[in-house]
Amino acid sequence: MPKEARPSTGEQAKQHALAQLRQAILHGEMAPAQRLVENELAEQFGVTRASIRAALIDLESQGLVERIRNRGSRVRVVTVDEALAITECRMVLEGLCAAKAAVAASDEQLAELTDLGTAMTKAVADGEPVTYSDLNQELHAKVREFSGQQTAVDLLERLNAQLVRHRFQLALRPGRPQQSLNEHLTMIEAIRARDPQAAETAVRAHLTSVIEALRD
């Protein structure tokens, strides 16, 4: 069967390139400081250089790409100081989402959080830090979703995308998943108890711990 036709120019082509580039950066397939050569990317994704250039401009506005004068674009390097500042902002927004979720989540959604907590506990017991990291991100995404606070969700999506490298490094640090697990289970329990203040406090305590780990 012939391959599905893919637009090489126009808005659809830009969106295709944007989605592919964003996914590659978020999944660590493109490393921090890696050069992004327009000709190579255009050939790889089957679009024009203009579409790649437009996609890179969008990624720059999202904080994932930086343009170096006379040298083109590269995957943005997020320093530890920047990661700390981003995490401080996350603390406020994620705390808000947890408090909202404690009130707004349905019983079925609370059961989803409980199941995630069980899966995270198993991943730690089995010594699977990458699986644990994936479940960690899924848990935070579910809490944001269940909060119904779309403005906070949009802001956090942009902030979290910039922390991919630091998040992965923390997940692989010996002993970190065990510590993080207890913090997440406390957060889940507070949301399940429909206690917004306790839920927000639990999230803030967890992200304070993340800040301390980033500083180490």
Side-chain angles (χ1 to χ4, degrees), residues 21-34 59 62-66 74-98 101 112-147 152-191 199-216:
L21 282 166
R22 192 173 195 277
Q23 183 177 37
I25 293 171
L26 294 184
H27 289 180
E29 296 163 17
M30 292 180 171
Q34 179 175 330
L59 289 169
Q62 295 174 24
L64 297 179
V65 165
E66 57 188 349
R74 70 177 189 178
V75 179
R76 190 165 88 85
V77 177
V78 177
T79 67
V80 172
D81 284 344
E82 288 176 306
L84 290 170
I86 290 169
T87 305
E88 287 175 346
C89 293
R90 280 186 63 205
M91 188 184 297
V92 176
L93 293 168
E94 299 254 17
L96 170 64
C97 286
E112 286 186 54
L113 299 184
T114 300
D115 290 344
L116 277 170
T118 300
M120 292 169 77
T121 301
K122 183 177 186 302
V124 169
D126 292 345
E128 297 178 351
V130 176
T131 299
Y132 177 79
S133 180
D134 290 342
L135 291 167
N136 178 353
Q137 298 319 303
E138 185 178 354
L139 173 63
H140 282 277
K142 288 291 186 184
V143 172
R144 293 194 295 269
E145 176 190 342
F146 298 163
S147 75
V153 170
D154 292 342
L155 289 168
L156 282 164
E157 183 175 323
R158 175 189 168 100
L159 292 173
N160 285 324
Q162 298 175 56
L163 293 174
V164 173
R165 178 173 66 93
H166 295 282
R167 186 167 63 227
F168 190 70
Q169 288 175 339
L170 281 184
L172 295 179
R173 185 178 297 180
R176 178 62 199 168
Q178 289 87 342
Q179 179 182 358
S180 169
L181 173 63
N182 291 329
E183 296 162 1
H184 285 108
L185 294 179
T186 299
M187 179 175 74
I188 291 169
E189 189 56 39
I191 295 173
E200 181 172 1
T201 298
V203 170
R204 283 177 170 268
H206 165 56
L207 290 174
T208 297
S209 170
V210 170
I211 288 172
E212 291 171 354
L214 285 170
R215 285 180 173 142
D216 288 345

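Just the heavy atoms: all of them, side chains too, but no hydrogens, waters or symmetry mates, feed the values below. For reference, positions follow the sequence shown, starting with 1.
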Before giving the answer on side-chain contact (heavy atoms from CB on, under 4.5 Å), spell out for Arg173 and Gln169 the whole-Å C-alpha distance, their side-chain angles and the decisive distance to 0.1 Å. CA-CA 6 Å; Arg173 185 178 297 180; Gln169 288 175 339; over 6 Å; no
Worked verdict on Ile191 versus Val143 for side-chain contact (heavy atoms from CB on, under 4.5 Å): CA-CA 9 Å; Ile191 295 173; Val143 172; 3.9 Å; yes
Could you walk me through whether Val75 and Leu64 pass the side-chain contact (heavy atoms from CB on, under 4.5 Å) test, one step at a time? CA-CA 6 Å; Val75 179; Leu64 297 179; over 6 Å; no
Given the rule in the side-chain contact (heavy atoms from CB on, under 4.5 Å) test, do Leu207 and Val203 qualify, once you have shown the distances and angles that lead to the verdict? CA-CA 6 Å; Leu207 290 174; Val203 170; 4.0 Å; yes
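Of the options Leu135, Leu185, Asp134, a side chain to side chain contact (heavy atoms under 4.5 Å, CB included) to Met120 is made by Leu135 and by none of the others.
Using a 4.5 Å cut-off on side-chain heavy atoms (C-beta onward), Arg90 and His140 make contact. In this structure the side chain of Cys97 reaches within 4.5 angstrom of the side chain of Leu156, judged on heavy atoms. Within the 4.5 Å cutoff, no side-chain heavy atoms of Leu159 are placed close to those of Thr87. Inter-residue side-chain proximity for Leu139 and Ile188 is flagged as met; some heavy-atom pair is nearer than 4.5 Å.
Panel note: side chain His166, backbone Val78; a donor-acceptor pair is recorded below 3.5 Å. Panel note: side chain Asn136, backbone Tyr132; no donor-acceptor pair is recorded below 3.5 Å. Within the 3.5 Å criterion, the main-chain N or O of Ala202 finds no donor-acceptor partner in the side chain of His206. The closest donor-acceptor contact from the side chain of Ser133 to the backbone of Pro129 lies at 3.5 Å or more, if one exists at all. No donor-acceptor pair under 3.5 Å is formed between the side chain of Ser180 and the backbone N or O of Pro177. No donor-acceptor distance shorter than 3.5 angstrom exists from the side chain of Arg215 to the backbone of Leu84, with no hydrogens or angles considered. The main-chain N or O of Ala205 is never found under 3.5 Å from a side-chain atom of Ser209 such that the two would form a donor-acceptor pair.
Considering CD of Glu145 and CD of Glu112, their distance stands at 7.5 Å, rounded to 0.5 Å. To the nearest 0.5 Å, atoms CD (Glu157) and CZ (Arg144) are separated by 8.0 Å. Expressed to the nearest 0.5 Å, how far CG of Leu21 lies from CD of Gln62 amounts to 10.5 Å. To the nearest 0.5 Å, atoms CZ (Arg165) and CD1 (Ile25) are separated by 13.5 Å. Between Gln137 atom CD and Leu116 atom CG the span is 11.5 Å, to the nearest 0.5 Å. Between the OG1 atom in Thr79 and the CD1 atom in Ile86 there is a gap of 8.0 Å [rounded to 0.5 Å].
The heavy-atom pair separating Ala123 from Thr131 by the smallest distance is CB-CG2, 4.1 Å. Nearest approach of Ala98 to Glu200, heavy atoms of both residues: CB-N, 4.4 Å.
Glu82 has a carboxylate O that lies under 4.0 Å from a charged side-chain N of Arg76, or vice versa, which qualifies the two as a salt bridge. Ion pair Glu138/Lys142 not flagged as a salt bridge, since none of the NZ, NE, NH1 or NH2 atoms sits closer than 4.0 Å to an Asp/Glu carboxylate oxygen. Under 4.0 Å is where a charged nitrogen must lie from a carboxylate oxygen, and between Glu183 and Arg176 at least one such pair does.
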